[in-house]
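Remarks on the structure that follows.
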Amino acid sequence: MKLQNLLLVVATALADPVQAGLAEQPSLQSSLYRTTQIPCPVAVGPEEIDGKTTICGILTVPENYTQPNGRKVEITYTIFKSKSLAPQHDPLLVLHGGPGSSDITNLSVVPRFYEPQRQTRDVILFDQRGSRFSGDLACSPTFIGLDTLAKDSNIQWRNQYAEFTKKFAASLEKDLSNLAEILSYYKVCSQLLQAHGFDLNQYNTTNNATDAINLATALGYQKVNLYGISYGTYLALRIMRDYPQRLRSVVLDSTIPPQVKKYVDVPRDLEVVMLNLIEDCQKDTACNAAYPNLKARTIALLKTLAKKPILIAGTDKAVSVADFAALVESVNFDLDARKAAYIPLIVSELERGITTTYTGVVSGKIFLTPPTKPIPIGRSEQLLAKADELREQARKLLTETANLAEANRPSQKWLQQVLTMIETLPEKERPKARANLYGVGFQTQKPRDRSVLIASIAEIFPENKRQPLIQPLQTMSNTEMRHVYESIGTIFRSVLKIDSDEAEGVFRSFDCQDLVPSSDQAQTNATFKALEMPSLGVTRALGARQAYAICQIWSVKPAPQRDREIVKSSIPTLILQDRYDAQTPTTVGKQALAGLRNGTLIEFPNFGHGALVFSQCARDVGAAFVTNPTSSPNAACKEALKTKFVLPPTSSK
């Protein structure tokens with residue numbers, strides 16, 4: 001089988017990565033701000049009716065608003081219709097995290113978070129430009145293509161890849177040379193996305209804000225209430241700055257304000273969580289009595305673990321300082337808010353070489369019920385550092401095919417037919433066939449349409465296998481054709497971590513324009529050196545190093561300085577912050593109040609990133625605020641949520 005599609009483009013990028021990124025953008029003619037109703041791209045909840053109680057559609061906007069007749073972006077949105085017979089005229093517009101996450105992916109479960117607001121008004125979600133169902137700037141196809149070339153029996157391609165990585169390592173600082181391979185993957189991804197025609201500079205917060213307002217306008221809403229989560233708070237603050245006349249109220253949940261130097265502060269994230277937890281124990285009379293001087297003892301324990309991990313009895317494993325840091329970080333994702341309560345006891349036991357409670361909490365065996373799985377609304381700062389881990393997952397291509405929720409749709413039936421047909425090819429040809437299927441829609445200057453799929457089938461399969469696959473494509477509707485590409489995206493996410501939470505191409509484009517430029521490595525190093533518990537900052541400091549390095553090779557320009565200034569607004573704003581948030585910690589979230597004249601901050605105990613996700617109390621407080629944003633929020637319910645620390649079974653300390 002010849003090399004085609006994605007693999008051919010990747011090979012070209014390795015040969016001349018600069019030229020691969022200079023392809024002229026296609027001009028796609030379409031009227032601006034046009035909405036089209038479509039079947040929802042994923043299954044809606046069992047209590048919903050697709051097209052009636054839950055309505056999905058596409059908003060077509062320019063990729064570059066200064067070139068309205070140029071390339072277009074299709075923004076997928078969902079309206080959860082109000083359950084009121086006379087709903088309010090100002091809906092709740094939800095802004096997801098990431099950047100590059102996807103609310104549309106979770107249509108079957110997301111509605112429960114906004115059930116209170118839905119009693120009185122519509123709730124609107126949309127995938128921001130470049131995210132999963134709105135253009136999908138994924139890097140998985142690139143990584144899969146590189147992996148296939150690196151392992152290919154053709155020695156020329158294998159050597160070409162090795163030489164590319166070697167040259168890349170030579171261009172890096174000495175202490176970053178171990179990142180050469182993963183950075184080479186990102187370099188090629190950036191070039192291939194541009195070769196396909198994407199202008200990566202247009203995937204930014206300013207355009208996201210304009211998209212949000214254009215969506216509201218196209219749907220007939222003059223004013224909206226914003227609910228931003230994680231990166232969505234950063235976006236909400238931009239909308240507050242640029243379109244204040246269109247807003248009635250704003251809720252910011254787990255906030256990152258624009259004036260924050262994210263990557264300067266990031267080494268402190270876990271330390272802030274641990275210090276908050278220690279402070280909560282100190283304020284609790286029983287906890288403080290059981291675990292006095294907890295801060296000093298924790299610092300001493302971390303130093304001990306750094307020198308010598310504590311062996312776990314009956315095993316060949318040990319508790320290292322990295323393991324303790326991972327435990328603290330896991331509190332951020334503990335939807336049941338159970339782990340934090342055990343940490344003082346764990347510190348006390350580890351001081352004496354006892355690992356019983358630690359192993360019980362980490363394994364989950366200490367709890368009577370299994371943990372609740374959170375819905376991703378943003379990313380951990382721990383970035384992928386080892387290309388071999390990615391390649392290991394790439395070797396499992398299609399061994400675990402994604403469970404396609406709407407199996408009866410023509411698009412998904414067709415895709416399953418293709419996957420089955422690939423398994424009939426000679427074994428040595430299957431990896432290339434899979435890689436090229438994943439790369440459909442990412443070829444240079446080719447749109448994601450019917451003709452590209454037909455041509456790809458003709459290239460991947462011998463003539464005697466093509467017709468049963470081509471014939472259904474010729475009669476498939478445009479909506480189903482679009483869904484074929486979306487479903488392919490679902491599959492490559494199931495075998496690679498790289499785009500599992502966010503579309504990596506859009507995350508890097510936003511990050512390298514908006515967040516990384518305000519920070520520098522020297523300041524990050526200074527933050528790390530000033531930590532009281534430096535071992536809790538190691539992973540985050542590494543993540544910052546990777547972010548700086550990736551942005552050196554990611555082809556975007558920094559956003560203007562104005563975009564990193566404090567947002568000043570008189571719009572009624574509620575800020576929800578969680579004490580154990582390890583992604584937008586309290587030291588960061590509280591800074592959002594700086595320019596908000598009508599801002600109120602409520603801090604919730606015992607929870608991690610995303611108050612809305614963790615707490616019915618937070619959902620109720622947010623809903624009450626949207627109903628009446630001029631009244632002071634009543635958050636009395638949060639008092640019952642305080643951590644109930646587990647005390648030692650004896651008086652031993």
Side-chain angles (χ1 to χ4, degrees), residues 21 25 61-67 70-71 73 75 95-101 128-131 134-135 137 186 189-190 193-194 198-214 226 228 230-244 250 252 255-266 378-379 381 383 502-524 543-544 546-569 583-584 588 591-592 594-595:
Q25 293 184 31
V61 298
E63 182 183 62
N64 185 340
Y65 277 102
T66 68
Q67 299 175 11
R71 184 183 177 96
V73 178
I75 307 294
L95 309 174
H96 66 66
S101 295
Q128 297 153 20
R129 58 170 54 203
S131 298
S134 295
L137 270 65
Y186 279 105
C189 180
S190 171
L193 289 173
Q194 290 178 92
F198 293 106
D199 180 355
L200 299 181
N201 282 291
Q202 301 308 318
Y203 293 82
N204 58 48
T205 303
T206 296
N207 282 345
N208 256 348
T210 303
D211 292 344
I213 294 303
N214 284 334
L226 295 182
S230 192
Y231 165 76
T233 65
Y234 190 94
L235 173 56
L237 286 160
R238 183 65 56 81
I239 298 173
M240 292 170 71
R241 185 196 76 177
D242 293 349
Y243 302 98
V250 178
L252 305 177
T255 307
I256 176 167
Q259 71 269 25
V260 168
K261 295 183 176 181
K262 174 184 175 181
Y263 287 103
V264 170
D265 294 336
V266 78
R379 66 162 42 207
E381 294 305 330
L383 305 177
E502 297 92 14
E504 194 69 9
V506 76
F507 176 87
R508 297 300 166 186
S509 296
F510 283 114
D511 209 40
C512 295
Q513 291 178 81
D514 287 68
L515 299 180
V516 170
S518 64
S519 307
D520 66 58
Q521 186 66 63
Q523 291 176 315
T524 302
Q546 293 177 0
Y548 290 132
I550 291 170
C551 287
Q552 288 295 314
I553 52 90
W554 197 264
S555 303
V556 294
K557 299 177 181 179
Q561 177 60 36
R562 176 174 179 258
D563 290 349
R564 295 190 286 277
E565 296 174 353
I566 293 173
V567 172
K568 298 179 180 179
S569 174
Q583 290 170 254
T584 53
V588 170
Q591 294 183 53

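A distance-only check finds a donor-acceptor pair linking the side chain of Q128 to the backbone of H96 [under 3.5 Å]. Remark: side-chain polar atoms of D511 are not paired, donor with acceptor, to backbone N or O of F507 under 3.5 angstrom.
Closest approach of I256 to S230, counting heavy atoms only: CG2-O, 3.9 Å. Across V73 and S134, no two heavy atoms sit closer than the pair CG1-O, 3.9 Å. The two atoms that bring L252 and A236 nearest to each other are CD2-CB, 3.7 Å, heavy atoms only. Residues P257 and V588 share a closest heavy-atom pair of CD-O, 3.7 Å. Contact between R129 and V61 at its shortest, heavy atoms only, is NH2-CG2, 3.9 Å. Pairing each heavy atom of Q202 with each of E63, the nearest pair is CB-O, 3.2 Å.
The NZ atom of K557 lies 6.5 Å from the CG atom of N201; values are rounded to the nearest 0.5 Å. A distance of 7.5 Å separates CD1 of I553 from SG of C512, quoted to the nearest 0.5 Å. For the atom pair S518 OG and D563 CG, the distance stands at 11.5 Å (nearest 0.5 Å). Going from atom CH2 of W554 over to atom CD of Q513 covers 11.0 Å, rounded to the nearest 0.5 Å. Taken from CG in L137 to SG in C189, the straight-line distance is 8.0 Å, to the nearest 0.5 Å. Put simply, NZ on K262 and CZ on R564 are 14.0 Å apart, with the number rounded to the nearest 0.5 Å.
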Discussion item. Is there a side chain to side chain contact (heavy atoms under 4.5 Å, CB included) between V556 and Y203? Walk through the geometry before answering.
Written reply: CA-CA 9 Å; V556 294; Y203 293 82; over 6 Å; no
Discussion item. Is there a side chain to side chain contact (heavy atoms under 4.5 Å, CB included) between F198 and S509? Walk through the geometry before answering.
Written reply: CA-CA 11 Å; F198 293 106; S509 296; over 6 Å; no
Item to complete: Using the side chain to side chain donor-acceptor pair (under 3.5 Å) rule, take T255 and T584 through it: C-alpha gap first, then chi angles, then the decisive distance, then the call.
Response: CA-CA 6 Å; T255 307; T584 53; over 6 Å; no
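You'll find the side chain of R71 stays beyond 4.5 Å of the side chain of D199, heavy atoms only. Inter-residue side-chain proximity for I566 and P258 is flagged as unmet; no heavy-atom pair is nearer than 4.5 Å.
Residues T206 and N204 bring no donor and acceptor atom of their side chains to less than 3.5 Å of each other. Side chains of S555 and Q194: a donor on one and an acceptor on the other come within 3.5 Å. Using a 3.5 Å distance cut-off with no hydrogens or angles, the side chains of Y263 and Q523 do not pair a donor with an acceptor.
With sequence neighbours left out, T205 forms a side-chain contact (heavy atoms from CB on, under 4.5 Å) with Y231, Y234, L235, R238, F510, D514.
Each of L95, L237, T233 was compared with L226 under the side chain to side chain contact (heavy atoms under 4.5 Å, CB included) criterion, and only L95 meets it.
Using a 4.0 Å cut-off between a side-chain N of Lys or Arg and a carboxylate O of Asp or Glu, K261 and D520 do not qualify as a salt bridge.
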